[in-house]
Participant: 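First the structure, which I've put down as structure tokens, then a few questions once you've had a look.
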4 protein chains.
Amino acid sequence: MKAIIVKPPNAGVQVKDVDEKKLDSYGKIKIRTIYNGICGTDREIVNGKLTLSTLPKGKDFLVLGHEAIGVVEESYHGFSQGDLVMPVNRRGCGICRNCLVGRPDFCETGEFGEAGIHKMDGFMREWWYDDPKYLVKIPKSIEDIGILAQPLADIEKSIEEILEVQKRVPVWTCDDGTLNCRKVLVVGTGPIGVLFTLLFRTYGLEVWMANRREPTEVEQTVIEETKTNYYNSSNGYDKLKDSVGKFDVIIDATGADVNILGNVIPLLGRNGVLGLFGFSTSGSVPLDYKTLQEIVHTNKTIIGLVNGQKPHFQQAVVHLASWKTLYPKAAKMLITKTVSINDEKELLKVLREKEHGEIKIRILWE
Amino acid sequence: MKAIIVKPPNAGVQVKDVDEKKLDSYGKIKIRTIYNGICGTDREIVNGKLTLSTLPKGKDFLVLGHEAIGVVEESYHGFSQGDLVMPVNRRGCGICRNCLVGRPDFCETGEFGEAGIHKMDGFMREWWYDDPKYLVKIPKSIEDIGILAQPLADIEKSIEEILEVQKRVPVWTCDDGTLNCRKVLVVGTGPIGVLFTLLFRTYGLEVWMANRREPTEVEQTVIEETKTNYYNSSNGYDKLKDSVGKFDVIIDATGADVNILGNVIPLLGRNGVLGLFGFSTSGSVPLDYKTLQEIVHTNKTIIGLVNGQKPHFQQAVVHLASWKTLYPKAAKMLITKTVSINDEKELLKVLREKEHGEIKIRILWE
Amino acid sequence: MKAIIVKPPNAGVQVKDVDEKKLDSYGKIKIRTIYNGICGTDREIVNGKLTLSTLPKGKDFLVLGHEAIGVVEESYHGFSQGDLVMPVNRRGCGICRNCLVGRPDFCETGEFGEAGIHKMDGFMREWWYDDPKYLVKIPKSIEDIGILAQPLADIEKSIEEILEVQKRVPVWTCDDGTLNCRKVLVVGTGPIGVLFTLLFRTYGLEVWMANRREPTEVEQTVIEETKTNYYNSSNGYDKLKDSVGKFDVIIDATGADVNILGNVIPLLGRNGVLGLFGFSTSGSVPLDYKTLQEIVHTNKTIIGLVNGQKPHFQQAVVHLASWKTLYPKAAKMLITKTVSINDEKELLKVLREKEHGEIKIRILWE
Amino acid sequence: MKAIIVKPPNAGVQVKDVDEKKLDSYGKIKIRTIYNGICGTDREIVNGKLTLSTLPKGKDFLVLGHEAIGVVEESYHGFSQGDLVMPVNRRGCGICRNCLVGRPDFCETGEFGEAGIHKMDGFMREWWYDDPKYLVKIPKSIEDIGILAQPLADIEKSIEEILEVQKRVPVWTCDDGTLNCRKVLVVGTGPIGVLFTLLFRTYGLEVWMANRREPTEVEQTVIEETKTNYYNSSNGYDKLKDSVGKFDVIIDATGADVNILGNVIPLLGRNGVLGLFGFSTSGSVPLDYKTLQEIVHTNKTIIGLVNGQKPHFQQAVVHLASWKTLYPKAAKMLITKTVSINDEKELLKVLREKEHGEIKIRILWE
């Protein structure tokens, strides 16, 4: 079958015919691929920069792709022929208690696999076999934006974890019982920053998006439709602090040099959470004793956020469905391009580099 | 202004012109009523059966209505002219800690008020004044079914509380981290039963609706669209237990004679929760020592469920928005009738008695 | 070796020499028994009344005893020769997620075993072999009252679960952040009632013990030392309600006819919890619609409480240690009698019937 | 009356007669001081190094002392003449929701006061007046070590918060349901490090204490009695990682230059928590992108830990009581010196500088 092939840790990507027998199979349900999403992680693999990416055992290539929607070919165990499904990409180690309860996002052995990234073939191929345990139903009514359920699942888990961590505060809710009074600064306005913004707004928190430029058209739509604030940080963050005050939650969704953290930590308020998401590949941020004193004296927390699992995929489906009603213009703009699997030239281009203004590019198998 | 007036504990209801100065005012934002919802509680008041209903202090009448959507007449504190808003109906005692943190659903003094029910004029009137703290924005995109946010808020709180209580179980999630393996029996298929079904399905749990007859058309639509099971209980519950086994959650949403509980308690499984919702007005259920032994030995819980607050209204808005996408046919059928405020004859009729197949009847002010 | 033998469901008990090879073994650590505790469950088995008690597979007798302290004969995996240890009596099914995480108190299959009660030989024998996973260290400094760690573990789990369930209430703590303002009614003042009282007092809650008579000497000591209140309920519970008001927690620790619940349910306050502990063997309590309405309208919960696990045994050890300092007189009176394994006549007597004023009788192996 | 006086931000300390009318009063219960504890914060104030320390409004001096035990002079509201009591030192802002529920450790306005440190006179004086809300009973049976309840309350809150934060991990408990498999590294073995060690051991976790030297006699006693491990870090932390592996919790209890964090962060394992306690006054630790990547990919958290409140004081009392039984030798060694209020020379010396091997020095008023 046709598949998109990489050979980490080496750079490079190919669209190639491969023998089905050489590809990893995960279960009994045959799923024909309809869409794949492309994300920054894919490009890091393609460009030979993701040190975490490894080949499946005993093989010299890896099928790329951890974002996919496919169609069930034959009914089985609660899934019917014709159902649209999305696979959960990280699969457990089979040993630790978190994996045994379906939560390899907190795997304790580190022996999990990640389809398309680490030890397991991914889903950029014509079809694959999978197990009901790892499949999430995608209602046809959200087929148009459904591929976002995978990246959104990571955000769902992240916000769930932040809210869980804030239960350490006796009363973190507002005087009306909601979270409406809580202020979030989302630094970085790529797809991750946009999804964090949409989801925090759905939870009721006030959001400020920040980037070192004026907002793009998509961002502007999100801002207007969700009543989010925007800050052009090219003049530094002091002015933001002066005008808005400190934030209850700050999300680093930049993937940029980590020295950005030095700029935003001073904006974190009492009982605040700094959530680190994504994968910075350069820089160093010094934490001096005064910063650490303040972390201690005002109950601050810094937390690493990674990987949503099946419950988060399911929540993502519900939230995408709600956004089609609540934020219809933004929802329509989130898929910024669809590339045919047959348009190999364009395909290789978008697999190698991010486009200007891109939120999500998807591949269509037809 | 025109208002719908009752005089609890006496039966009766009138549409009447009343002097604005005689009506309760709750804040500075003037809101012109567009819709009111009618629910069982309203009819109990109208028919003189709700002993909990009391007049506002020093008055001889009460404006009915605790479900409302209105339009903001003048921008104020985060609300803009033209915004649709829904008031939170229960307001805190101002003394206990739960009310101070915006959660009068857990008021400890019992000194709370409930607009349209208890001590406070309700919203079946041309306009009222309210405070931002008690107003929930209703996006125009859900205006058609938005009135359901009030009853749904009660269900949101109920399921949130059940999930909170189940945290006593070390692992209540399934082997894929979701709640998909958990089985819920919803007894009673009126509006409350239907909303419980829709929301539990949104959370991923398997649901069985039960009633002593075949499903109505609306129920049939909900069943098909949400993939819910249905059980005609006219032959007793033993057969259901034989075919399905025991349930993790049972919800009594009947409002009927409480002897129904005697039939369903034997269907509650290990670590299970029996949630009591609604307002039964007759009967008595005996719990014998064997039933109580089993409650002890298998960690069961019986819990009373009442009243959603502002955070639950906001969740209800998100879920209604998602249902318009996920369950569009069911969503369209949930408002079973709209009656004009000017059609007094029809109005008085629907205020007095429930219609066959009714889910939600609303009043339109025009 | 010498062992105490029963043959459920038949009544009867024998002290007998049995072949070690015929007895269940649970691991590699040989433990020589020093103490056994006797509790109501043992007597129900001896008297042929515990329908839950079953023989080990393929055997025609059961070694009694689920409360034991023994001494490690040879060092192994963190346990040293001479260490005092107590076995955890309930062991998991090996299948369900709760058992996999060490919490068979919430076993979902019901396929757990309970040493000395159900499917597994108990510890009333000269020695047994066990696994580190199921052994709790008993510091020599609490050897005198250490046998109480087993029944106390059940109470630790019960109060932990009640506190967990009360997290459903946004603010259940008092205005000083403690639980000091919460009032508990403990109905029944046998060993379970006394341990509940001691532990709730340790957590800071106000406690009322109730029984249909004046307090015994031990109870009087507990009352004085822990500053607990006592109510002689022979005149009914209305007077208690009149003088004290309603309670936040009511514990049924009577083991008596369940109609007692009908008397105390009216004393349960808003957001309250009725905890059912123990094993009533007669009666029936009617819950009428008014009682159920109040459960709904005031957020009440009824919960079955059973079985502590290893974390609760460890907490019990810490609490027993603290009571030797905080409540030294009461601590000294909790072991009301020690019977030698060689005094067979006395032994059989205390195995058959409860003594007046008994808190805990233990058997000494010497 | 006699009082110990400081004038922050200036260095210096005096024992002086002051007019009672010039001192802050907090309520109606007169309490005669028996003991004060001296801690590092007191010495920072005395030595003019604590920038957070401020004078009470409108005054030019501050009574030092936030650790105290006194005796109630006249019975009032649940307190009896002769009762020993300890005051809670931090008092709420009266405005924010956390302070309203008795938890000024999470004050959101920062407008709290701290007796003896910030805006409120402390307890190093002959007597003071206080409110029942802020008083914790100290049983006479722990009078000898009771002064430790104040610093221990901070540790109680810290560990409670860490356990709360770890609820983000679906299963953080071990396969026997306990925390026995969790490994803690406590860096710094002063009073704070010793109390963290004792309390983590009480909770069942394995502990490694680390310092740049061999253990002192007190530390050696704690190590032996609590079965704690000790690591001499003068050769760096790599060897510890090689022999023990990574840690689930690391506590910085050094108060030293923050560059120590750079040494220990690499020892933090998956899903781990780095708890920052205390008050470093120099240095800077660089977090490079690789460290931050690992924080993200393995769900790590860094958390500031500060200030126990009344519920933590009460837990501290129970734990101190348990230690007298469980760790009697260590318990006896925790008060390393008692200085009479009349021995002014010695008093001023211990107020100015820490003694070698000091755990807690207390002042005796007689």
Side-chain angles (χ1 to χ4, degrees), chain B residues 51-52 96-98 100-103 105-110 160-162 164-165 167-175 252 257-258 261 269-271 274 276-307 309, chain C residues 51-52 96-98 100-103 105-110 160-162 164-165 167-175 252 257-258 261 269-271 274 276-307 309:
Chain B
T51 51
L52 292 173
C96 81
R97 285 178 295 286
N98 289 311
L100 289 177
V101 303
R103 294 298 302 275
D105 47 331
F106 284 103
C107 177
E108 297 228 332
T109 62
E160 178 187 281
E161 189 175 352
I162 289 170
E164 192 64 35
V165 161
K167 289 188 184 161
R168 69 197 174 100
V169 185
V171 186
W172 202 60
T173 47
C174 309
D175 70 352
D252 174 24
D257 190 293
V258 300
L261 295 178
R270 291 178 176 278
N271 308 335
L274 171 61
L276 307 177
F277 189 101
F279 199 78
S280 296
T281 53
S282 65
S284 176
V285 57
L287 296 183
D288 67 10
Y289 72 93
K290 285 187 183 171
T291 300
L292 288 162
Q293 279 184 8
E294 211 192 306
I295 287 176
V296 171
H297 285 295
T298 56
N299 299 293
K300 287 171 191 165
T301 282
I302 300 173
I303 185 163
L305 302 169
V306 73
N307 190 254
Q309 278 296 313
Chain C
T51 50
L52 292 173
C96 82
R97 284 178 295 285
N98 289 312
L100 289 176
V101 302
R103 294 297 303 274
D105 48 330
F106 283 103
C107 178
E108 296 228 332
T109 63
E160 178 187 281
E161 190 175 352
I162 288 169
E164 192 64 36
V165 161
K167 290 187 183 161
R168 70 198 173 99
V169 185
V171 186
W172 201 60
T173 47
C174 309
D175 70 352
D252 174 24
D257 190 292
V258 300
L261 296 178
R270 292 178 175 278
N271 308 333
L274 170 62
L276 307 177
F277 188 101
F279 199 79
S280 297
T281 53
S282 65
S284 177
V285 56
L287 297 183
D288 66 11
Y289 74 92
K290 285 187 182 170
T291 300
L292 288 162
Q293 278 183 6
E294 211 193 305
I295 288 176
V296 170
H297 284 295
T298 57
N299 300 291
K300 287 171 191 165
T301 282
I302 300 173
I303 185 162
L305 302 169
V306 72
N307 190 254
Q309 278 296 312

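All chains are named by letter (A, B, ...) in the order of the sequence lines, taking the proteins before the strands, and each is independently numbered beginning at 1. FYI, side chains are in, hydrogens and waters are out, and symmetry mates aren't considered; it's all heavy atoms of this structure.
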Participant: By a 4.5 Å heavy-atom criterion (distance strictly below it), what part of C:Cys107 contacts chain B: side chain, backbone, both, or neither?
Facilitator: backbone

Participant: Counting heavy-atom pairs under 4.5 Å to chain C, which of B:Thr291, B:Ile162, B:Leu305 comes out on top?
Facilitator: B:Leu305

Participant: Return the CD to OG1 distance between B:Gln293 and C:Thr51, rounded to the nearest 0.5 Å.
Facilitator: 6.0 Å

Participant: Tell me every residue that passes salt bridge (charged side-chain N to carboxylate O under 4.0 Å, His left out) with B:Lys167, counting only those two or more places apart in sequence or in another chain.
Facilitator: B:Glu164

Participant: How many angstroms lie between CG in C:Leu276 and CD1 in B:Ile302, if you round to the nearest 0.5 Å?
Facilitator: 8.0 Å

Participant: Side chain, backbone, both or neither: which part of C:Leu274 has an atom under 4.5 Å from a heavy atom of chain B?
Facilitator: neither

Participant: Considering non-hydrogen atoms only, spot the tightest contact between C:Thr301 and B:Thr301 and give its length.
Facilitator: CG2-CG2, 3.9 Å

Participant: State, with a plain yes or no, whether a side-chain heavy atom of B:Leu292 is found less than 4.5 Å away from one of C:Asp252.
Facilitator: no

Participant: What heavy-atom pair brings B:Glu161 and C:Asn299 nearest, and what distance separates the two atoms?
Facilitator: OE1-OD1, 4.3 Å

Participant: What's the separation between atom CG in B:Leu287 and atom CG in C:Leu261, rounded to the nearest 0.5 Å?
Facilitator: 8.5 Å

Participant: Among C:Val165, C:Thr109, C:Val169, single out the residue with the greatest number of heavy-atom pairs under 4.5 Å to chain B.
Facilitator: C:Val169

Participant: How long is the straight-line distance from NE2 of B:His297 back to CG of C:Asp105, given to the nearest 0.5 Å?
Facilitator: 13.5 Å

Participant: Quick one: of B:Asn307, B:Thr298, B:Thr281, who has the most non-hydrogen atom pairs under 4.5 Å with chain C?
Facilitator: B:Thr281

Participant: Heavy-atom pairs under 4.5 Å with chain C are the metric here; pick the option from B:Asn271, B:Asp288, B:Leu100, B:Val258 that has the most.
Facilitator: B:Asn271

Participant: Only pairs of heavy atoms separated by less than 4.5 Å count here; which of B:Ile295, B:Asp257, B:Val285 has the most with chain C?
Facilitator: B:Val285

Participant: In the structure I gave you, are the side-chain heavy atoms of C:Arg168 and B:Ile303 within less than 4.5 Å of one another anywhere?
Facilitator: yes

Participant: Minimum heavy-atom separation for B:Phe106 and C:Pro170, please, with both atom names.
Facilitator: CD1-CD, 3.2 Å

Participant: Of all the heavy-atom pairs spanning B:Val171 and C:Asn98, show the shortest one and how long it is.
Facilitator: N-OD1, 2.8 Å

Participant: Just grab all the salt bridge (charged side-chain N to carboxylate O under 4.0 Å, His left out) pairs involving residues 291-301 of chain C, residues at least two apart or on different chains.
Facilitator: C:Lys246-C:Glu294, C:Glu294-C:Lys300

